[in-house]
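Below you'll find the structure, written out as structure tokens, and then a few comments.
Because the structure is predicted, anything quoted here is derived from the model rather than measured.
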Amino acid sequence: MPIHKEHKEFHAVAMAGEDWHRPPGYPLGIEQKILAGYLDEAGKTGSRTRLLRFLPGAFTSVPFVHEYWEEVYLLSGDLIVGAASAKEPELSFAPNTYACRPPGVYHGPFRSQTGCLLLEVHYYEA
């Protein structure tokens, strides 16, 4: 599977500033910073690496599903997953936890009490 991303050597990543923005369809309090690559969801091509942060108290209300692979590493903070219905338990995760999801897998909803920072890699299969 070819991955097409720009070559970037080690460089400082500004954790404050204007590069953070809310991803389309996400609620307030959740912001992303694209580190490398580009994901074309309409054309189902590409790959990207991003930071995703939840501000304290931020949450999503419905599960997500998408057509690309997703790898997620929780760098800091707390992430609470689940409870989309009364039958589904909540699961709480701490830093240094990881998820790898193939296309078509429902996941979430998500929330964070203290805020969290995630490193995510998204890609389509060739």
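You'll find the side chain of Pro23 reaches within 4.5 Å of the side chain of Leu52, heavy atoms only. At a threshold of 4.5 Å between non-hydrogen side-chain atoms, the residues Arg22 and Leu28 count as touching. Using a 4.5 Å heavy-atom cutoff, the side chains of Ile30 and Leu55 are not in contact. The closest side-chain heavy-atom distance from Glu67 to Lys44 is below 4.5 Å. Under the 4.5 Å side-chain criterion, counting only non-hydrogen atoms from C-beta, Ser47 is not in contact with Val121. Within the 4.5 Å cutoff, side-chain heavy atoms of Thr60 are placed close to those of Pro27. Within the 4.5 Å cutoff, the side chain of Phe110 has no heavy atoms near those of the Phe59 side chain.
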Glu70 vs Arg101, salt bridge (Lys or Arg N to Asp or Glu O under 4.0 Å): CA-CA, chis, key distance, verdict: CA-CA 5 Å; Glu70 177 177 56; Arg101 299 184 187 105; 2.7 Å; yes

For Phe93 and Val81, what are the C-alpha separation, side-chain angles and deciding distance, and is it a side-chain contact (heavy atoms from CB on, under 4.5 Å)? CA-CA 8 Å; Phe93 297 96; Val81 181; 3.8 Å; yes

For Lys33 and Val13: C-alpha separation, side-chain torsions, deciding distance, then whether side-chain contact (heavy atoms from CB on, under 4.5 Å) applies. CA-CA 9 Å; Lys33 177 190 273 289; Val13 176; 3.7 Å; yes

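Ring-plane geometry between Tyr124 and Tyr68 is classed as perpendicular, the angle between the planes exceeding 60 degrees on a 0 to 90 degree scale with a lower cut at 30.
The structure places OG of Ser76 at 11.0 Å from CG of Leu119, a figure rounded to the nearest 0.5 Å. The structure places CZ of Arg48 at 11.0 Å from CG of Leu35, a figure rounded to the nearest 0.5 Å. Note that CD of Glu31 and CG of Leu51 are 11.5 Å apart. Values are rounded to the nearest 0.5 Å. Going from atom OG of Ser61 over to atom CZ of Arg111 covers 13.0 Å, rounded to the nearest 0.5 Å. In this structure, CH2 on Trp69 lies 5.0 Å from SG on Cys100, to the nearest 0.5 angstrom. Expressed to the nearest 0.5 Å, how far CD1 of Ile80 lies from CG of Leu91 amounts to 10.0 Å.
When atom types are taken as modelled, the side chain of Lys5 and the backbone of Tyr38 share no donor-acceptor pair closer than 3.5 angstrom. Looking at Asp40, its side chain never comes within 3.5 Å of a backbone N or O of Gly46 through a donor-acceptor pair. Although no hydrogens or angles enter the test, the distance criterion places no donor-acceptor pair under 3.5 Å between the side chain of Asp78 and the main chain of Ser112.
Across Leu75 and Leu118, no two heavy atoms sit closer than the pair CD1-C, 4.3 Å. Shortest non-hydrogen contact noted between Met15 and Trp20 is O-NE1, 3.1 Å.
Residue Phe64 qualifies as enclosed at atom CZ: its count of foreign heavy atoms under 6.0 Å is above 12.
If you check the side chains of Tyr123 and Glu71, you find a donor sitting under 3.5 Å from an acceptor. With no hydrogens or angles considered, a side-chain donor-acceptor pair links Gln32 and His21 at under 3.5 Å. No side-chain N or O of His11 forms a donor-acceptor pair with one of Glu9 less than 3.5 Å apart. Checked by atom type, the side-chain pair Tyr73/Asn96 shows a donor-acceptor distance below 3.5 Å.
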